[in-house]
Amino acid sequence: MSSIPGQLNPSPRLLLGPGPSDAHPRVLSAMTTPLLGHLDPQFLAIMTETQEMLREVYQTKNQLTFPVSATGTAGMETCLVNLVEPGDKVVVCTMGYFGNRMVEIAGRCGAQVTVKEAPWGQAFELDAIRETLKSVRPKLLAVVHAETSTGAGQDISQLGKLCHEFDTLLLTDCVTSLGCTPLKVDEWEVDAAFSCSQKGLSCPPGMSPVTFSPRAVDALKARKTKVQSWYFDLTTIMSYWGSSDRAYHHTAPITMVYALREGLRLVLEEGLEARHARHQRNHVALRAGLEAMGLEYTANKAVQLPQLNAVKIPAGSDDVGGRKRLLTEFGIEIGGGLGDFKGKAWRIGIMGQNSRPNCVYTVLAAMEQVLRGSGAKIAPGSGVAAAELAYAAM
Ligand SMILES: *Cc1c(COP(=O)(O)O)cnc(C)c1O
């Protein structure tokens with residue numbers, strides 16, 4: 001090394017992609033709080049408070065509710081490695097990129113995986129899932145509640161009841177739904193759910209809140225084989241996060257727990273219903289603006305998520321060049337397409353604290369410059385004006 005790298009000095013960014021989204025200033029400030037030890041009585045109280053708020057946000061009384069010490073995928077892995085044993089039948093419903101990740105992990109757990117596919121941008125009808133449950137009789141059904149690769153949402157409100165008719169556990173990927181759209185774990189009879197800190201909760205990436213129903217805990221207790229992952233084995237993690245002993249399992253990422261605690265406080269101060277309504281309002285305005293500029297959504301309108309807006313890249317526009325211009329000239333990050341949509345879609349996330357009018361107006365104004373720069377015929381200001389009208393009509 002010829003010289004020591006300079007002090008960190010990243011350019012200001014507005015993170016309007018599929019995640020991470022910007023952390024709330026109060027979250028960043030909580031992260032400068034001095035460290036406590038992971039077994040300090042004051043930290044144990046902070047863990048308990050965090051778990052209580054997490055239950056509230058997940059709308060559950062599940063005792064086993066805590067944040068896994070890693071990103072959303074670790075929550076996915078935790079759910080699958082604990083609930084699936086070699087030879088178990090698992091059905092994964094995929095309607096985009098993240099369903100496929102569950103297929104991959106369930107396969108590595110030794111499950112007999114049945115993949116049920118919907119076209120990208122669509123979601124599943126209950127009856128179609130019923131047919132699959134009837135013929136396969138799986139131990140577990142896994143679905144993505146909010147498919148970030150397409151912007152489509154899966155209605156899971158009746159799915160738990162359906163699964164339980166067949167003695168099947170319901171696992172839901174709520175990485176992009178928690179904190180953005182309604183999620184009622186108990187009422188909807190969800191047996192296991194995982195999320196992340198960096199999307200709807202406006203914290204940095206690094207924690208994955210999970211929750212397990214008593215039914216899921218029974219399945220865990222009935223296992224005949226050891227969980228193949230040591231780190232994610234709930235039977236031992238429970239002694240730290242799940243009991244009054246708080247026995248050492250691993251060193252909790254103290255600062256990230258502070259962050260999550262602040263993020264959850266923000267959600268509860270606002271109120272779940274108000275927060276979900278805010279996401280819906282800003283989505284309606286953003287959609288009006290994007291469509292006024294001739295952009296077309298990739299997902300079926302009936303299942304469109306408010307927090308993740310994926311649009312087709314118009315003919316004549318350059319995927320990478322367009323996003324690069326947004327980033328370097330306007331300081332705005334949006335996402336490109338994943339998997340089948342690579343090079344074909346742009347993904348605009350307005351999640352958590354970034355679901356607000358100034359983000360909507362800013363991204364619309366910048367997108368207009370980028371689109372016009374690539375030759376699109378757009379009347380100046382048409383996106384922003386359409387959003388303004390949409391807000392005025394609410
Ligand atoms: C982001 C995301 C994940 C993965 O989470 P990481 O925090 O990146 O590990 C999983 N599922 C969905 C639906 C996501 O949007």
Side-chain angles (χ1 to χ4, degrees), residues 15-23 27 54 58 67-81 92-106 108 117-118 120-124 141-156 159 170-181 183 190 192-211 229 231-232 253 256 259-260 263 279 298-299 303-310 333-342 345-352 354-355:
L15 301 179
L16 299 181
S21 58
D22 290 282
V27 168
L54 208 46
Y58 261 132
V68 173
S69 304
T71 69
T73 308
M76 183 186 282
E77 193 123 20
T78 300
C79 292
L80 287 166
V81 299
V92 183
C93 295
T94 73
M95 51 185 205
Y97 180 89
F98 288 102
N100 290 334
R101 185 171 289 187
M102 290 202 280
V103 172
E104 176 65 27
I105 297 175
R108 290 182 190 205
E117 277 182 271
W120 283 48
Q122 304 287 333
F124 293 88
L141 176 90
V143 298
V144 180
H145 188 206
E147 181 47 81
T148 323
S149 60
T150 67
Q154 174 65 47
D155 178 6
I156 57 169
L159 207 47
L170 173 62
L171 166 63
T172 56
D173 175 339
C174 300
V175 174
T176 299
S177 58
L178 191 70
C180 299
T181 50
L183 171 57
V190 173
F194 57 93
S195 188
C196 75
S197 45
Q198 77 273 18
K199 299 184 190 182
L201 299 179
S202 297
C203 297
M207 296 237 87
S208 177
V210 293
T211 186
S229 161
Y231 196 74
F232 296 135
M256 278 309 303
L260 182 62
H279 279 80
T298 58
V303 296
Q304 177 62 49
L305 294 165
Q307 66 274 37
L308 198 288
N309 297 262
E333 178 179 283
I334 66 164
L338 268 186
D340 290 7
F341 284 177
K342 192 170 164 53
W346 282 330
R347 294 180 299 151
I348 303 168
I350 43 171
M351 304 174 181
N354 279 358
S355 173

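Keep in mind the model is a prediction, meaning the values are calculated, not measured. When a ligand or atom number is given, it counts from 1 through the structure's own listing order.
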Should you measure from each heavy atom of [X], which atoms of ligand 1 turn up under 4.0 Å away?
| X | result |
| --- | --- |
| Gly72 | 5 (O), 6 (P), 7 (O), 9 (O) |
| Thr176 | 14 (C), 15 (O) |
| Lys199 | 1 (C), 2 (C), 3 (C), 14 (C), 15 (O) |

[atom]: the protein heavy-atom neighbour that sits closest, reported with distance to 0.1 Å:
| atom | result |
| --- | --- |
| atom 11 (N) of ligand 1 | Asp173 OD2, 2.6 Å |
| atom 3 (C) of ligand 1 | Phe98 CE2, 3.4 Å |
| atom 15 (O) of ligand 1 | Thr148 OG1, 2.3 Å |

Where's the contact between Ala146 and ligand 1, heavy-atom distance under 4.0 Å: side chain, backbone, both or neither?
->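 The part of Ala146 near ligand 1 is the backbone, not the side chain.
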Work out which heavy atom in [X] is nearest to a heavy atom in [Y]; give both atom names and the distance.
| X | Y | answer |
| --- | --- | --- |
| Ala299 | Thr150 | CB-O, 3.6 Å |
| Leu15 | Pro20 | CB-O, 3.3 Å |
| Ser202 | Val27 | O-CG2, 3.6 Å |

Quick check: does any side chain N or O of [X] sit under 3.5 Å from a backbone N or O of [Y], one acting as donor and the other as acceptor?
| X | Y | answer |
| --- | --- | --- |
| Ser195 | Cys174 | yes |
| Ser197 | Pro204 | yes |
| Thr172 | Phe194 | no |

Run the side-chain contact (heavy atoms from CB on, under 4.5 Å) check on Ile156 and Leu183 step by step: do they pass?
-> CA-CA 9 Å; Ile156 57 169; Leu183 171 57; 4.1 Å; yes
Using distance alone, decide if ligand 1 has a nitrogen or oxygen within less than 3.5 Å of any nitrogen or oxygen in Glu147.
->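 No; the residue has no nitrogen or oxygen that sits under 3.5 Å from a nitrogen or oxygen of the ligand.
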Sub-4.0 Å heavy-atom approach of Gln198 to ligand 1 = yes
For atom 4 (C) of ligand 1, which candidate among Thr71, Thr73, Leu308 holds the nearest heavy atom?
->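 Going through Thr71, Thr73, Leu308 one by one, Thr73 has the nearest heavy atom to atom 4 (C) of ligand 1.
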